[in-house]
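Just so we're on the same page: letters track the sequence lines, and every chain starts at 1.
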Amino acid sequence: MVHFQETLISWYLIHKRDLPWRETRDPYKIWLSEIILQQTRVVQGTSYYLKFINEFPTVKDLSESSEQKILSLWQGLGYYSRARNLHAAAKEIIKNNEGVFPSNYNDLLKLKGVGPYTAAAISSFSFNEAKAVVDGNVFRVLSRIYDISTPINSSQGVKDFQELAQSILNKSDPATHNQAIMEFGALVCTPKAPKCNKCPMTLECSSFKNDTIKMRPVKIRKGTVRSRFFIYKVFYNSPEKLLFLKKRKAKDIWQNLYDFDHQEFTKKELFDEHIQTFQNEKHTVSLSHKLTHQHIMAFFVLCPTIKKKINKELVPVKINELKTYPIPTLIKKYLEQEPEIPNSV
DNA sequence: AACCCGGGGGG
DNA sequence: CCCCCAGGGTT
């Protein structure tokens, strides 16, 4: 056990990447980086982290921002509830805790958007609390080293891996240990084509010995992908350069982001049928957009107008103000390729 | 326990 | 095409 810890940390000190959030123990910065990196690759999240730290150097700065501004900065990163919870948690800290960041696992866990993984990460990285992190990397590394077949997304698996991770945690330096095991999973013990030839721990890796690497970790497959069909009416006042946006308020994808007036169809047949009624329109665009659990087919019809107000649901936005409105990537892709709405994004 | 929430990249 | 990514919240 002790040997395992030493091997891991030795490997880490040599091979660790130089990442901006590793230069600090400020819990605010660690927290921000961890929320951004949830279900997100380091290469995708890094520029967002730098943007947020630059815009909001302290939790107080973040708490005083508008949600819309935070969502705009978050635009393109996905899982937008993270941004909404981030803002809510910042306001909680200012209001209830006088701006002092929670400094232990149990208090961190109370923050919106902070679960067991993130609480363990912040408490260990910032405060050296001996709590083991269990993220996707840790599940994978431990399932291989100990050749565990319990599904990682079963309740039993979550419990077992959490206990195992805690039992092998280097209690004298939990911060380095936690970062090391995740870094090892990200760089060597990768999901596909793990680099066993460069692994310092093959001698103590049970699944390497048993030739079960490819079968680890075991994961229960999830349900099917839902198909959705959107027809967007894009009202645009060309002389005034006004685009009419609609805020998405439902508990659905892209909550509190903006798109256009639209109608949704569940069945492709009805969608195709309705599209036919626009066959004489000159400015239409078809796009497909794939999310993890949804496949969206979108059809956009440009609707020229000279009105400055249509109804209370549709917000008239000047093209050059559009960047202050958070929009889904699907909408961004549309604006990039509709020549009648120039220079909008 | 099952389902929901984005977008991008590797293989 | 399928899977995964420094997961968490809701039902």
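When side chains are defined from C-beta on, Leu111(A) does not count as touching Thr118(A), because their heavy atoms never get closer than 4.5 Å.
For Ser81(A) against dG9(C), a side-chain-to-base donor-acceptor contact under 3.5 Å is absent. Side chain His293(A) to base dC5(B): a donor-acceptor pair is found below 3.5 Å. A donor N or O paired with an acceptor N or O is not found under 3.5 Å between the base of dG8(B) and the side-chain atoms of Thr40(A). Donor-acceptor pairing under 3.5 Å, judged by distance alone, is present between the side chain of Arg41(A) and the base of dC4(C).
Separating the C1' atom of dG6(B) from that of dC3(C) is a span of 15 Å, rounded to the nearest Å. For the P atoms, the distance linking dA6(C) with dC4(B) amounts to 24 Å, nearest Å. A distance of about 23 Å separates the P atoms of dG8(B) and dG8(C), rounded to the whole Å.
The side chain of Thr329(A) places an N or O atom within less than 4.0 Å of a non-bridging phosphate oxygen (OP1 or OP2) of dG7(B). Applying the 4.0 Å criterion to OP1 and OP2 of dG7(B), one finds that Tyr80(A) has a side-chain N or O inside that range. At dG7(B), one or more side-chain N or O atoms of Trp254(A) fall inside 4.0 Å of OP1 or OP2 (strictly under the cut-off).
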The test is side-chain contact (heavy atoms from CB on, under 4.5 Å); show your working for Leu8(A) and Asn170(A) and say whether it passes.
CA-CA 10 Å; Leu8(A) 194 57; Asn170(A) 183 336; over 6 Å; no
Go through the steps to decide whether Phe300(A) and Gln337(A) satisfy the test side-chain contact (heavy atoms from CB on, under 4.5 Å), and finish with yes or no.
CA-CA 11 Å; Phe300(A) 298 83; Gln337(A) 71 172 79; over 6 Å; no
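Residue Ser124(A) forms a side-chain hydrogen bond (donor to acceptor under 3.5 Å, both in side chains) with just one option from Asn178(A), Asp173(A), Thr176(A), and that option is Asn178(A).
Both Lys192(A) and Arg226(A) sit near DNA chain B, but only Arg226(A) has its closest nucleotide nearer the 5' end. Projected onto DNA chain C by closest heavy-atom contact, Arg221(A) and Val114(A) fall at different nucleotides, the more 5' of which corresponds to Arg221(A). With DNA chain C read from its 5' end, the first of the two nearest nucleotides for Lys251(A) and Leu37(A) is the one closest to Leu37(A).
Nucleic acid contact for Gln294(A): sugar-phosphate only, since backbone atoms but no base atoms lie under 4.0 Å from a heavy atom of the residue.
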